[in-house]
Structures are given as structure tokens and as C-alpha cells.
Peer 1: 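Take a look at the following structure, please.
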Protein chains: 2
Amino acid sequence: MLDRAIALAREERDMALSNLCAAVRIPSIGAASAHRPDMLRNAEFVANRLRSMGAEVRVLEVISGKPPVVRGDLLIDPALPTLTIYGHYDVQPVDPLEDWVSPPFEPEVRDHVLYGRGACDSKGNHMAAIQGVDCLKRSCGLGLNVRFLIEGEEETTGQALPAYLRENAKELTSDYVLVLDGSFHQDGYPILATGMRGELYVEIYADGPDHDLHSGHYGGVSPNPANTLARILGALKDREGKVTIPGFYDDIKQIPAVEIQDAQRSQEYGEIVRKRIGAVALEGEAGFLPIERQWLRPTLDVNGMVSGFTGEGEKTIIPATAMAKLSMRLVPGQDPDKIYSQLVRYVSELGTPGVQLRIEKLGACKAFVCSAAHKAGEAASTAFETSFGQTPLPVRKGSSIPVVADLIETIGGQMVLTGIGNPDSRVHSPNENIRLDHFHKGTEMIIRFVHALRAA
Amino acid sequence: MLDRAIALAREERDMALSNLCAAVRIPSIGAASAHRPDMLRNAEFVANRLRSMGAEVRVLEVISGKPPVVRGDLLIDPALPTLTIYGHYDVQPVDPLEDWVSPPFEPEVRDHVLYGRGACDSKGNHMAAIQGVDCLKRSCGLGLNVRFLIEGEEETTGQALPAYLRENAKELTSDYVLVLDGSFHQDGYPILATGMRGELYVEIYADGPDHDLHSGHYGGVSPNPANTLARILGALKDREGKVTIPGFYDDIKQIPAVEIQDAQRSQEYGEIVRKRIGAVALEGEAGFLPIERQWLRPTLDVNGMVSGFTGEGEKTIIPATAMAKLSMRLVPGQDPDKIYSQLVRYVSELGTPGVQLRIEKLGACKAFVCSAAHKAGEAASTAFETSFGQTPLPVRKGSSIPVVADLIETIGGQMVLTGIGNPDSRVHSPNENIRLDHFHKGTEMIIRFVHALRAA
């Protein structure tokens, strides 16, 4: 029975890839309001794909003006268990555009790798999941209820899906939840995540004079928002990688010994990462191994900053404004709202009298931990082993999927948090990609995983 | 006799304004290599204007590939004294373009004010000087030798004119030098500068990973060049406005008491400046009055900075690179080359192991002091009084005209360093302008000034 589903998936590989390319062609950049029509187009694309496999589909504009949540139900019997599969159709911005070998929304296969924004994150993941479920359904039936929830606000920490989950928690209650959004580990193995970091993302605006000034005439009297903002950003983390916001580390929960063991298993890991990112040395919080710093410790990074004249040559001005984007990755125990208050207070203390500061919170979500030691976790583990010849390892992920904490709190169920992307999928970076074998084997992994759950 | 020259200038006001507009229409942005053809076009424009008044003109490509120096000689008798008039045809970049009410290179008169890049700095100044000399010559003869030196590298601290001055110092020796490039003082009165600050302009480049990274995956292990550069910039000047580069203040010459008196004459000055720049408060080195901080003290300003993602919304990346432009205004005694070495050493001490830093020097010039208490200074003073009804005051200027130190060292002569722009000419800023009455009265001031010199 299972063999028929796998055979069908293999027959349809070209079509599945073509469907994925069609998804990647939609420039569904969640952060850019100009792409709002593309968001709607992508939601409709997902809805149509789910309809084509017989799902009962709802395109839900939960919050007016925000990208809709696509819900697709394949409910066969309320007595059977239910699996919810989560994905997102929004993608990251594409700049720096000039670093892409092929245009981000013109998917291109080079050397068995598909390049394009969203090829992995998460279009490659959820399109594989849909195809896998479709193949299983057509070849031998599902044998359990499957529900897809594909949102459009993962990259922007939106509130539509969390709100929908809270309002409909009872109806959506699931026995199993598959969050398929990510890649294999940097070290090369597939993962079953046992937790993710939370996030706080802010913009800091600094205003000085009301127009750019001649730096000779006014240097020494005018406030300079670029100097002030740089001083503030520089003061938020010391040279040893320790975040200096007062109270930042206060509420961190103690890490279980097993997690620390997991994190310490590869001593060569740091060098592997250093080579992958192409830096002369790693940096990070003193006293912790690289993987501990990625999984178990919070951090703070400037994501972007801009002020004044940045073109060619000399322009001697005192800029009127400066702006920086700043994100913190948080760990269990840290409350993003509390950290935000601490940040606002600290930044205002660091300010200077002539510069007006404004902080805007763009997104916030809590870290979470979850177990992978359950039936669904075992089913996923076996499905990865059979499909990829590799056994997943438990990891704490350094990144954030905002809605997972909400999923755990509302619809419950055994959580499987994984992804089929390759270790070098360059998610969020130029030349994002998915290896074709990862996409196709990922589809087969889904078939085996769902099939194992129904054999309950 | 003088009256005939003034009358002629008044008759020709429309034509003079039209000539200035033609000059402003040429986008001679010195910093942008794409504008190289415009630089050549502007040099030729100046040359033709000088030819039209009978000058012997040379367009000198002193340094291959660099904007030419335009030299125009009106030599009537080697026995008579010589006046050299300095100006520059290069202008500052125009961004932020969206802040201009009318396009920067489409000169427009609104409410008796001409708007456009270069309208004051220095096209408005040197076009008035040329027109004034022309009127005097045609109406009653010059009575002394006049030489124009109009360069194209003032805004970029170029080396062409300094090199030309050194090579031809003897031939160019002058009795009087008029550097006409600037505006009335912020306080509203015309000025005779008794010194200007020097400058050191650098770019700092910071490189971390070789591509932008996902800040969740790599936050805690990857170096972040934006964090490191911000920390460095923030450390260069403390919250009290003191530059912290070791040795920065060591070589500053003692300020004569008279200069300090000049600087302290207006106690309300700070509030006037604050309103003009539209800031909530002034900032600057603790322990000094605002005008002392502008005239007599060095300073350090970030002119621009850029890194990572600065578009709309969240993009969670660790940027691969960061860049900042930084300028220091220097005072007599400070050697730009020595300060540059001190800066390079300090910046490298502030760096972090994973970020590669590179500093590029874009320009450097020394501060200087000069006297205005001589015949030429008195002639200028009387000419301003008669033309504008205002007596110029001696000031030390906070800005820099790189070549003045070279003029003093090479061709000598009594130095008059002034400008006819209005106090709110917004030089280097969007909506640069010159009031029509300043342009026309400035032309008359030139006539009176040159006429007074010949009555020796």
C-alpha cells in the first residue's frame, strides 16, 4: 500500500517540481506592503492546490488587511485522530538583489538544485507536504484526518493565525502537529526540534536637526543622530558578546543537562560553521560553545542601519536622521514584552539631549521547548531514516517560528518540528535553494510519516 | 567712475542671474565619477565666461583624470599689484533628493530666492565675482591685475590646485587673495574669516560573514559587522562630545584671547543656531560655548552609515558588511596625517576578531589662521558696509576650504576670506539657495572691493 503511494510520488516528480516553481514565482514578500496583491495571489494558489486534492478550503482574512490564513481540511472520520500540518507562504525580502545568480522569483534549476526565494522557506517544505499527502490519499487513502494551516505572516510575526487558533482552539484540537519549515542541521543531519528561540524585533529611529547640515558649519553644536544611534547600538552588546540591557538574562530558565549534552556533542562544529558563513572567526558570548550560543543562549543583532550620505565620495553632512533594525533571539523564560520595556528604558538612558529617539516593535514571540519523544516523533524519525538514510537528531533551534508556541498552547498534540531543506539552503539569504533530492525525498518522508500515524 | 560700474551691474542684473542659472543647471557633483563629463562641461562654461570678458584662459588638467583647474588672467601691467580670486565649480551631492522643493539642477526663483545646488556654494559667489570684475573692467578699467583660479575639487579635497600652486608659486604670487566661497554668519552679519578648521574624511568598511545570514540560525556565532562598526563609531566620541581617539587633542595650539573674546560675544547665539537647525537641543564638547565649539574646537561626525536591510518591515539577517563615512574637523596644531594614524590604531583596537576592518582616507587638509587686519581686509569691510549696510565681523570658520592653507603657503598676499550667501543658504543641504539681493549686492561689493585695491 505504502509502496503505491511512493511510486505515485516518483511518477509525479516533474509535476510536483513544476508546482513548486509556480509557487516560487509569486513574489510573496510579507514585509513589503507593495506585495499585498502577491500575498493574496499566493494564498489563492495554495487554496487551489488544496482544493485540487479534495480538501475543504477556507481562505480566512482573520485580521482585516492582513494576509489570509489558508485552512484546508481533509476530514474523513471524527473518530480517527487528526494531524495538523503547518506551513507559510510568505517569504523574506530579497535584497541584496545583485548577489543572486538568477532572479529570486524566476526559479531556476542548476546542477540539481532549485534556486529562488521561498524554494526552501517554506514553499519547498509545504509543497512537498501537500504533494505527499495527496499521493497517499489517492493511492491508499489517508486513514486519519489531515488539516493544513498555511499562513502568510511567519516572517513578520503576524497575529492572524495566533488569533484564529485561540478563537477556534477546540475545533482545531489535534493529536499530531507537523510544523514543516526548515532545513537539515548545519552539521548535515535531519533534525527533530525540541525547542526554538523566541524573538523581539524593533526599529530604532533617531532624529537630530530637521535637515541634513553642513558638518563644518555645525560640527560641534548640532546633535548627530548617527553618532548617538551608533553609540546606543554599540552599548547594547559588549565585545565579549554579552548583551548589556539591564535585566536581560534575569529570567532565563535553567537548561536541562541533556540539552547541554546535545549541544556539546560536536567539538568540530564551530569550524564547520565558520567555513559555511565565510568569516575569519566566529564571535559570540564568552564561556559557551558555538552550538550552545545558537541553541541555548539569547543574542542581539543589528539587522540593518542607515543614515546620511552613503553614496560615492565625500559629502560632509550631519545627517538629520538615523535608523536601525535590531533583533534579539530569546530563550525560555525570557518574556519579549518585558525585554522590550527594559530595552526602551536602557536606550533612553543612552540617548543624548539633542536626539529624539523612537522605538517601534515590529514583532515579538516567546521561545518554547517541546518533546520529540512520542509516537509522532518516532514516526518522523523512521520516515527520515527510510527516505534519506539519515536519522534525525534532537536539536534546539536558534531561529523562531512565532506561531509554534501558540500551536502548543491552543490545539496541543504531539509536536513534530522539522524541515526537509538541505544544510546549505541559504534561507533568508541571496540564492536560497532546495536540492531536488531533498524536495523529492522529503515528499516520500511525508508519505511514510502520515502512513505511520494512521497505523495507530 | 565707480558709479558707472555699479550702474552697469544694475543694468545687467537679469543677464547675470541668467548666467548663474546656466551654471547651476550643470550637475557638477564632484564626488560622483558618473558626473565627470559634467565637470568638464562646467570647467568649459567657466572658461567661456572668463574669455568673454577678455581674460587669457587656461583649462588645466593638472592631474590626469581629475577635474581641471580654470585659470583666467586679466594682466594689464606687471608693475601693478595682482589680485587672485578663488572659487570652485564642483558641488555637493544632492541627496536626499526627495527633500528638494524644486529639482536641484533646475534653478528656480521663489520669493526673490534662487534655489538650486551650487546657487551659493560656490557658483553664486564666483559668478558674482566674475560679473563684478567684468563690470568694473568695461566701465572704468581694472587698475590692477586680476587672476581667477576656479577649481573643481573643493568638495572632494583634491590635489590638483595645490599641486599647481606649488609648481607655479612664483608666477602666481599675489598681493591680494580673495577666497569668495561662503555665506554670511548664522547670526546675520557678513564675515571676514581669520581661520578655518581643517578636515579628515574617512570611510570605514567592516566585513563579517561572506553573505547575509539568517539571524536565528547564526545569531550567537556569526560576527556582525554592523554591531562591531556601531560599537567603534560609538566609542569615538563620548556622550559629552569629547573625541576619545588617544592623542586627538594633544597638539592643539593655544587660542589667542582675542579669538576667544570674538567667539564669546553673543550669549544668545546658541538659541539662534538651535532654531535654525530645528533640533530640540544643541550638543557638543562640554565646557565650551556653542560658537567656540564651531570655531575653535575640533569635532567628529558620522556623515553616513549603511548596513544590511533597511527597507520596510522585518528582515532577520546578520549583514555581511557595514560601512560608515566619518569626518573630523581639525584646528590649528592638529596634523591630519597624524590624526589618521591615531584613528587607524584606535579603530583596530576596538575591532572584534571576526570582523575585518578597512579604513580609507578620502581627504585631509590642515586648519589655518590668517589676519584680516590689512589693506585688503579694510577694503572688503568698506565694500560690504556700502553694499549691504552691514559691517563684517572677524570669525573663525568651522568649515574647511582645503586649498586656502596652500594659497597662503604658496602665493601669499593679503587674504580676504568671505562669502556673499545669506545666513540661511542651506549650503550642502537640500534646497540650497541664494537670495537675489545677496547675489546682486555681492556683485556690487566686488566692484567696490577691487576698485578700492587699485586706489593704492
Side-chain angles (χ1 to χ4, degrees), chain A residues 31-32 93 156 201 208-217 219-224 226-227 230-231 233-234 273 277-279 281-284 290 293-294 297 299 301-310 312-318 327 329 352-354 362-363 398-400 427-429, chain B residues 31-32 93 156 201 208-217 219-224 226-227 230-231 233-234 273 277-279 281-284 290 293-294 297 299 301-310 312-318 327 329 352-354 362-363 398-400 427-429:
Chain A
T156 56
Y201 197 108
D210 68 5
H211 61 288
D212 291 352
L213 301 175
H214 189 301
S215 67
H217 295 170
V221 289
S222 175
N224 184 324
N227 283 70
R231 194 179 305 118
L233 296 175
V273 171
I277 69 175
L282 295 186
E283 293 185 11
R293 305 199 304 258
Q294 280 177 297
R297 300 296 298 171
T299 186
D301 276 291
V302 175
N303 308 103
M305 58 184 187
V306 66
S307 179
F309 180 69
T310 58
E312 179 187 0
E314 285 185 56
K315 189 179 185 213
T316 46
I317 53 158
I318 296 175
S327 69
R329 298 288 171 166
T352 53
L362 296 197
S399 55
S400 318
V427 161
H428 291 209
S429 300
Chain B
T156 56
Y201 198 109
D210 67 7
H211 60 289
D212 291 351
L213 301 175
H214 188 302
S215 67
H217 296 171
V221 289
S222 175
N224 184 325
N227 284 71
R231 194 179 305 118
L233 296 174
V273 171
I277 69 174
L282 295 186
E283 293 185 11
R293 304 198 305 256
Q294 280 177 298
R297 298 297 298 171
T299 186
D301 277 294
V302 175
N303 308 102
M305 59 184 186
V306 66
S307 178
F309 180 69
T310 58
E312 180 187 359
E314 286 185 56
K315 190 180 185 209
T316 46
I317 54 157
I318 295 174
S327 69
R329 298 288 171 167
T352 52
L362 296 197
S399 55
S400 317
V427 161
H428 290 211
S429 299

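Quick note on labels: first sequence line is chain A, next is B, and so on, each numbered from 1.
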Peer 1: Would you mind telling me which of Ser222(A), Ala32(A), Ser215(A) has the largest number of heavy-atom pairs within less than 4.5 Å of chain B?
Peer 2: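 Between Ser222(A), Ala32(A), Ser215(A), the count favours Ser215(A).
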
Peer 1: Between Asn303(A), Thr299(A), Leu282(A), who has the most heavy-atom pairs with chain B when the cutoff is under 4.5 Å?
Peer 2: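 Of the candidates given, the most pairs with chain B belong to Asn303(A).
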
Peer 1: Just give me the residue among Gly234(B), Ala226(B), Gly284(B) that pairs up with chain A most often, heavy atom to heavy atom, under 4.5 Å.
Peer 2: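 Going by pairs under 4.5 Å, I would pick Gly234(B).
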
Peer 1: Name the option with the most non-hydrogen atom pairs under 4.5 Å to chain A; the candidates are Leu233(B), Asn227(B), Val427(B).
Peer 2: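 Of the options given, most contacts go to Asn227(B).
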
Peer 1: Chain A: which of Gln294(B), His214(B), His211(B) shares the most heavy-atom pairs with it under 4.5 Å?
Peer 2: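 Ranked by contacts with chain A, first place is His214(B).
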
Peer 1: So which of Ser400(A), Gly208(A), Ser399(A) has the biggest tally of heavy-atom pairs under 4.5 Å with chain B?
Peer 2: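 Heavy-atom pair counts peak at Ser399(A).
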
Peer 1: Considering only heavy atoms, which portion of Arg297(A) lies under 4.5 Å from any heavy atom of chain B: side chain, backbone, both, or neither?
Peer 2: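 Neither; nothing under 4.5 Å.
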
Peer 1: When only pairs under 4.5 Å are counted, which of Pro353(A), Gly220(A), Gly308(A) shares the most heavy-atom pairs with chain B?
Peer 2: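 It is Gly220(A).
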
Peer 1: For residues Ser429(B) and Leu213(A), report the shortest heavy-atom separation together with the two atoms involved.
Peer 2: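 Looking at all heavy atoms of both residues, the closest pair is OG-CA, 3.8 Å.
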
Peer 1: Among Ile317(A), Asp212(A), Thr156(A), which residue has the highest count of heavy-atom pairs closer than 4.5 Å to chain B?
Peer 2: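 So the answer, after comparing Ile317(A), Asp212(A), Thr156(A), is Ile317(A).
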
Peer 1: Between chain A and each of Arg293(B), Glu314(B), His428(B), count heavy-atom pairs under 4.5 Å; write down the option with the most.
Peer 2: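 Option with the top pair count is Glu314(B).
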
Peer 1: Find the one option among Gly363(A), Gly398(A), Ser327(A) whose heavy-atom pairs under 4.5 Å with chain B are most numerous.
Peer 2: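 Heavy-atom pairs under 4.5 Å are most numerous for Gly398(A).
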
Peer 1: In Å, rounded to the nearest 0.5 Å, how long is the span from CD1 of Ile318(A) to NE2 of His217(A)?
Peer 2: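 So the gap between those two atoms works out to 11.0 Å.
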
Peer 1: Only counting residues at least two apart or in another chain, list the ones meeting side-chain hydrogen bond (donor to acceptor under 3.5 Å, both in side chains) with Asp301(A).
Peer 2: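 Asp301(A) satisfies side-chain hydrogen bond (donor to acceptor under 3.5 Å, both in side chains) with Asn224(B) once adjacent residues are dropped.
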
Peer 1: Between Ile277(B) and Pro223(A), which heavy-atom pair has the shortest distance, and what is it?
Peer 2: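 Closest pair (atom of Ile277(B), atom of Pro223(A), distance): CD1-CD, 4.1 Å.
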
Peer 1: Under a 4.5 Å heavy-atom cut-off, does chain B meet the side chain of Val221(A), its backbone, both or neither?
Peer 2: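 Both backbone and side chain of Val221(A) come within 4.5 Å of chain B.
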
Peer 1: Chain A heavy atoms under 4.5 Å from Tyr201(B): which part of the residue, side chain, backbone, both or neither?
Peer 2: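 Looking at Tyr201(B), just its side chain touches chain A.
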
Peer 1: Listed by chain and number, what are the side-chain hydrogen bond (donor to acceptor under 3.5 Å, both in side chains) partners of Arg231(A), not counting sequence neighbours?
Peer 2: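 Not a single residue meets the side-chain hydrogen bond (donor to acceptor under 3.5 Å, both in side chains) criterion with Arg231(A).
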
